Peer 1: 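Just dropping this structure here.
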Amino acid sequence: GEMTFSALRRQLKTEYDKQEGVRFFSEKALLFALLEKHDLPRDCFIRYGNEEAPPDLCAALLREEAALLAGEPLQYYLGTAPFCDLLLETAPGVLIPRPETAVLVEKAVEIVPENALIFDFCCGSGCVGAAVLSARKDLFAVLFDLSPEALALSRRNLERLSLSRRGAVERLDVLSPAAADTVRLRRPALILANPPYLTGEEMKRLPDNVRREPALALFGGEDGLTFYRAFADLCRETGVPILAEIGWEQGKDVLSILGERGLSGEIYPDEEGRDRVLFIRPGQG
């Protein structure tokens, strides 16, 4: 039957309340996403209140709302995500940029010497490398990932932000011996990484929306620490410092991994005051 914009708004609210969509996002965030996707003004429900809403629009909004309430991430639905003042393209099959990863970018921007080359391991959407290149016009970067979807998306994001002249994207398994060879050959000043760091237990308890993201980008081995062991070995073998994001409860564990290998490190907190970034330094500090 026919529905006015006001009636459509009520219907969307009823469905939202039924689904406890609040687990993933507020009702306002949901509405704004639906309207943005369909190029409708944010005040359209008020502005067009008593006008009839086109039936195909009603059907589309209710259908898309249901998919989002069932766990489809807003960022995949919209095809974009904000990160460090940039708007990045997102794609299913690639991890969605997280605001807390900004700490990794800030630290890198602060410590990288001028005109240097940096590596971005496990680059995903390319958000870390892109944000560092954006903030520091003197730097060059190579972004690496194993996933074909991630590599394609990182390339598109560098293009989109006009950073391709200073940034390249290449396939690499950072847990393989090839990683050390690549580092030795090209001698970056710093390696950045936001590796997978969830434990087996955490993978089992993921909320529905995070389950839509690739396990490859989330699972860090049964204890969540596989990549930090590899990074510590890599730093020891090549002498290149590494700045990596960690899970907020992993600070103590990652420092002991460094200690076992005679390396020193530091941990930097995010805005919430939680452990977030590990700095791995070659040699005794």
Side-chain angles (χ1 to χ4, degrees), residues 83-84 86 95 97-136 138-145 154 163 166-167 169 172 174-175 179-180 182-184 186-197 217 220 224-259 261-285:
F83 181 74
C84 288
L86 304 175
L95 195 75
R98 304 293 202 268
E100 58 273 17
T101 302
V103 185
L104 186 58
V105 172
E106 285 154 20
K107 276 287 155 203
V109 166
E110 198 180 298
I111 66 177
V112 179
E114 272 187 35
N115 307 314
L117 168 68
I118 56 168
F119 278 4
D120 175 10
F121 278 2
C122 310
C123 65
S125 63
C127 63
V128 172
V132 174
L133 288 177
S134 242
R136 288 276 305 268
D138 57 308
L139 300 178
F140 296 83
V142 187
L143 286 54
F144 298 95
D145 208 294
S154 282
L163 297 169
R166 292 185 289 124
V169 180
L172 178 70
V174 303
L175 297 178
T182 307
V183 172
R184 276 197 206 92
R186 286 141 100 177
R187 309 289 325 155
L190 179 68
I191 296 167
L192 299 172
N194 180 10
Y197 54 70
L225 300 168
T226 300
F227 284 81
Y228 306 112
R229 292 190 188 91
F231 291 165
D233 292 338
L234 184 66
C235 177
R236 199 174 54 177
E237 283 171 43
T238 63
V240 175
I242 301 178
L243 205 52
E245 180 167 321
I246 60 171
W248 64 281
E249 298 174 298
Q250 290 175 324
K252 203 161 84 311
D253 294 334
V254 294
L255 288 178
S256 71
I257 287 171
L258 300 191
R261 289 161 175 77
L263 298 165
S264 65
E266 269 161 76
I267 294 196
Y268 306 108
D270 60 21
E271 309 231 299
E272 312 281 296
R274 293 175 160 191
D275 288 351
R276 185 58 66 193
V277 169
L278 168 72
F279 186 44
I280 309 176
R281 269 207 184 93
Q284 290 300 134

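FYI, side chains are in, hydrogens and waters are out, and symmetry mates aren't considered; it's all heavy atoms of this structure. Numbers for residues simply follow the sequence, beginning at 1. Predicted, not measured: the structure shown is a model, and the values here were computed from it.
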Peer 1: Test side-chain contact (heavy atoms from CB on, under 4.5 Å) on Tyr228 and Gln250; report intermediate values, then the result.
Peer 2: CA-CA 10 Å; Tyr228 306 112; Gln250 290 175 324; 3.8 Å; yes
Peer 1: For a side-chain contact (heavy atoms from CB on, under 4.5 Å) check, start with the C-alpha distance between Ile246 and Ile267, then their side-chain angles and the critical distance, and finish with the verdict.
Peer 2: CA-CA 9 Å; Ile246 60 171; Ile267 294 196; 4.0 Å; yes
Peer 1: Using the side-chain contact (heavy atoms from CB on, under 4.5 Å) definition, which of the options Leu190, Ile242, Leu258 pairs with Phe279?
Peer 2: Leu190
Peer 1: Minimum heavy-atom separation for Val132 and Ala108, please, with both atom names.
Peer 2: CG2-CB, 4.0 Å
Peer 1: If you define the side chain from C-beta out and look only at heavy atoms, does anything of Asn194 sit under 4.5 Å from Cys122?
Peer 2: no
Peer 1: Are the side chains of Pro188 and Val240 in touch, meaning some heavy atoms are under 4.5 Å apart?
Peer 2: yes
Peer 1: Quick one: pull up CG in Leu255 and CG in Leu278 and give me the separation to the nearest 0.5 Å.
Peer 2: 6.5 Å
Peer 1: Flag the pair Phe121 / Phe231 as yes when at least one side-chain heavy-atom distance between them is below 4.5 Å, and no otherwise.
Peer 2: yes
Peer 1: Under 4.5 Å between any side-chain heavy atoms of Glu114 and Arg136, yes or no?
Peer 2: yes
Peer 1: Let me see the working for Glu271 and Arg276 under salt bridge (charged side-chain N to carboxylate O under 4.0 Å, His left out), right down to the final yes or no.
Peer 2: CA-CA 9 Å; Glu271 309 231 299; Arg276 185 58 66 193; over 6 Å; no
Peer 1: Taking the side chain as C-beta and beyond, is there a heavy-atom pair between Arg187 and Leu117 under 4.5 Å?
Peer 2: no
Peer 1: Please report the closest heavy-atom contact between Pro282 and Gly239, naming both atoms and the distance.
Peer 2: CG-O, 3.2 Å
